[in-house]
2 protein chains.
Amino acid sequence: MADFRGRPAYLQIADDIRSQILDGTLQAEDRLPSEADLMADYGVSRIVVRNAVEVLRSEGLVVKQQGRGSFVRAQRPQRTRVVGDLYSERPEASPFAASARASGQVPEWEYQTRRTTASKTIADRLGIQAGDPVMRTSYRFFADGEPAMLSTSFEPLAITEGTPVEQPEGGSVTGVVPRMDAIGIHITHVVEDVTGRSARPYEAETLKVPVGVPVLAIERTYYAKSRPIETADIVVSSDRYVLSYRLPVPPRTDQPTPR
Amino acid sequence: MADFRGRPAYLQIADDIRSQILDGTLQAEDRLPSEADLMADYGVSRIVVRNAVEVLRSEGLVVKQQGRGSFVRAQRPQRTRVVGDLYSERPEASPFAASARASGQVPEWEYQTRRTTASKTIADRLGIQAGDPVMRTSYRFFADGEPAMLSTSFEPLAITEGTPVEQPEGGSVTGVVPRMDAIGIHITHVVEDVTGRSARPYEAETLKVPVGVPVLAIERTYYAKSRPIETADIVVSSDRYVLSYRLPVPPRTDQPTPR
DNA sequence: ACACTCAACACGTTATAACAAGTAGGACGA
DNA sequence: TCGTCCTACTTGTTATAACGTGTTGAGTGT
């Protein structure tokens with residue numbers, strides 16, 4: 001192994017394999033050479049090749065499977081979660097929406113609903129007091145039979161208690177906006193705060209992704225005027241999802257557009 | 001080390017430390033016990049404690065520094081990139097916008113602009129032919145002197161060539177929307193496709209984040225009616241940024257709201 | 001008082017060794 | 001033909017050992 005600039009061997013090997021992945025020499029789903037092969041190829045010990053592959057795994061380029069080998073991970077996420085003006089005039093918009101419906105998007109999910117009390121965090125987001133009663137609903141969404149999205153939502157019971165839409169699911173109307181419409185509350189806007197982080201063990205297990213892959217965590221709140229109506233924590237694997245936001249740009253603004 | 005269910009020792013140790021982080025026994029910026037300490041505490045070899053800490057590092061809970069130790073990573077991102085109706089009636093909206101301006105947001109950036117031709121990918125996004133001339137501008141944004149956001153934008157020269165706003169920077173108007181307004185093109189909406197992934201080596205270096213931390217990659221395109229006007233690739237460290245999208249919800253829609 | 005040196009300590013890199021556990025395919029028997 | 005078993009191959013886990021490199025603070029000399 002040529003020792004270039006004293007740069008650690010495992011990083012050089014990682015660089016080498018990475019460029020093979022990026023330039024297409026190694027394609028998605030291809031198996032990497034086994035650890036034994038790499039040891040022989042580069043003339044290093046096993047720990048070096050393991051470190052090298054671990055770097056690539058941590059970058060999300062490679063997945064490892066005990067007993068089978070290490071594989072180049074498919075890079076492109078397939079599904080798009082669209083938020084915004086679905087009826088945009090943009091012609092490219094329709095393929096997305098169409099594919100979302102076409103690719104087996106039978107609304108497939110399971111949920112668990114229960115009454116509970118608001119934690120401080122949730123209370124802040126809903127503009128209520130910690131300890132106030134809320135309806136908590138956990139969803140697990142599936143796509144092609146695979147778990148694809150996790151969501152936990154909270155609604156203040158002060159709003160829905162005693163109404164026909166107290167239960168988020170099971171009634172004749174579903175979806176926050178129509179449900180609230182049904183009791184005379186008209187959602188005016190939604191805020192989604194998006195962060196990226198590595199999957200927690202629970203999420204990795206539930207979403208069936210390798211530990212450490214990046215996920216997108218969305219903190220979503222629906223508002224009627226300035227009043228928070230519902231808030232939810234949503235987690236999707238960034239492997240499988242692109243979040244697509246489509247926003248109108250109001251004409252004649254003095255405000256500099258955020259870059 | 002009590003061998004619980006044959007679960008690997010390094011995972012048990014990782015679980016142990018993780019719960020200490022999550023329950024607050026170990027707080028942000030605290031130093032973890034050194035590898036030697038952990039070896040003694042749990043009665044295992046160094047490779048086991050290194051594997052354990054590596055798990056936490058890969059989850060983004062811990063950062064390691066050679067010569068100093070391993071530290072609990074501060075979890076909450078500080079900055080918010082807001083897209084959407086800044087003049088929302090929501091009272092909580094103002095603190096965000098205010099803090100964005102207050103926290104030393106002197107518009108601090110450097111850029112490089114050059115004429116080039118569109119790659120296939122960019123041409124598709126701009127609705128032009130590959131090889132058509134475009135203006136390419138790379139930005140590096142700083143916050144508190146630290147690089148915080150990378151962006152590369154493309155505009156078809158067919159639109160701006162020969163106009164006063166051919167150069168994205170340096171003129172009297174800046175920002176895509178005002179610049180295009182100035183030549184009679186009125187941006188109607190913007191699409192942002194957000195994905196999460198691990199930082200590439202170049203990005204990790206440029207953004208000064210440890211390799212492997214998740215970043216958010218945004219593919220943004222501005223449209224005037226259905227015509228793409230500008231497209232950009234934006235990368236931010238998810239350590240430091242929350243993306244906040246504020247969208248109006250139109251009244252009386254039959255369309256089920258995307259969950 | 002200040003700057004320099006150096007040792008102690010932290011994590012980083014690599015080698016060798018052994019056994020565990022999951023996978024796949026071929027051999028073999030019913 | 002079909003299912004079982006076994007074996008070879010793969011990654012997973014752990015131990016021991018040694019040396020490299022970055023950090024820090026105590027001690028020392030000026």
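For the numbers below, each heavy atom of this structure counts, side chains included, while hydrogens, waters and symmetry mates do not. Convention: sequence-line order gives letters A, B, ...; per-chain numbering from 1.
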*In whole angstrom, give the distance that lies between atom OH of Tyr42(B) and atom C1' of dT13(D).*
18 Å
*Would you please classify the geometry between the Tyr245(A) ring and the Tyr245(B) ring as parallel, tilted or perpendicular, with 30° and 60° separating the classes?*
parallel
*When rounded to the nearest 0.5 angstrom, what is the spacing between CZ in Arg81(A) and OG in Ser244(A)?*
10.5 Å
_Which nucleotide in dT10(D), dT16(C), dT14(D) has an atom nearest any side-chain atom of Ser34(A)_ = dT10(D)
*Can you tell which of dG12(C), dT13(D), dT11(D) lies closest to the side chain of Tyr10(B)?*
dT13(D)
*Whole Å only: how far is the CG atom of Asn51(A) from the C1' atom of dG12(D)?*
14 Å
*asked:* With a 4.0 Å cutoff (strictly under), does any side-chain N or O of Ser70(B) reach OP1 or OP2 of dA10(C)?
replied: no
*asked:* Output the rounded distance in Å from CG (Leu38(B)) to C1' (dC9(C)).
replied: 15 Å
*CZ of Arg50(A) versus C1' of dT13(C): gap in Å, rounded?*
16 Å
*Of the options Thr231(B), Thr221(B), Asp193(B), which is the one that meets Arg125(B) in a side-chain hydrogen bond (donor to acceptor under 3.5 Å, both in side chains)?*
Thr231(B)
*asked:* Under 3.5 Å, is there a donor on one side chain and an acceptor on the other for Thr195(A) and Arg197(A)?
replied: no
*For the base of dT21(D), is there a side-chain donor-acceptor partner from Gln66(B) under 3.5 Å away?*
yes
_Taking only side-chain N and O atoms of Lys64(A), does any of them lie within less than 4.0 angstrom of OP1 or OP2 on dG12(D)?_
yes
_Where Arg31(A) and Arg68(A) come nearest, the two heavy atoms and their spacing_ = CD-O, 3.6 Å
*First encountered from the 5' end of DNA chain D, between Ile47(A) and Arg68(A)*: Arg68(A)
*Counting side-chain heavy atoms from C-beta on, which of dA10(C), dT14(C), dG12(D) comes nearest to Pro8(A)?*
dT14(C)
_Could you tell me how far apart Arg31(A) (CZ) and dT23(C) (P) are, to the nearest whole angstrom?_
14 Å
_Value in whole Å for how far the P atom of dT11(D) lies from CG of Leu56(A)_ = 13 Å
*When you match Pro33(B) and Gln65(A) each to their closest nucleotide on DNA chain C, which lands nearer the 5' end?*
Pro33(B)
*Kindly say whether, by distance alone, the side chain of Arg46(A) makes a donor-acceptor pair under 3.5 Å with the base of dT13(D)?*
yes
*Would you kindly compare Gly69(A) and Ser45(B) by the position of their nearest DNA chain D nucleotide and give the one closer to the 5′ end?*
Gly69(A)
*Let me know the distance between CG of Leu32(B) and P of dC11(C), rounded to the nearest Å.*
9 Å
*Rounded to the nearest Å, what distance is computed from the CD atom of residue Glu35(A) to the C1' atom of nucleotide dT14(C)?*
15 Å
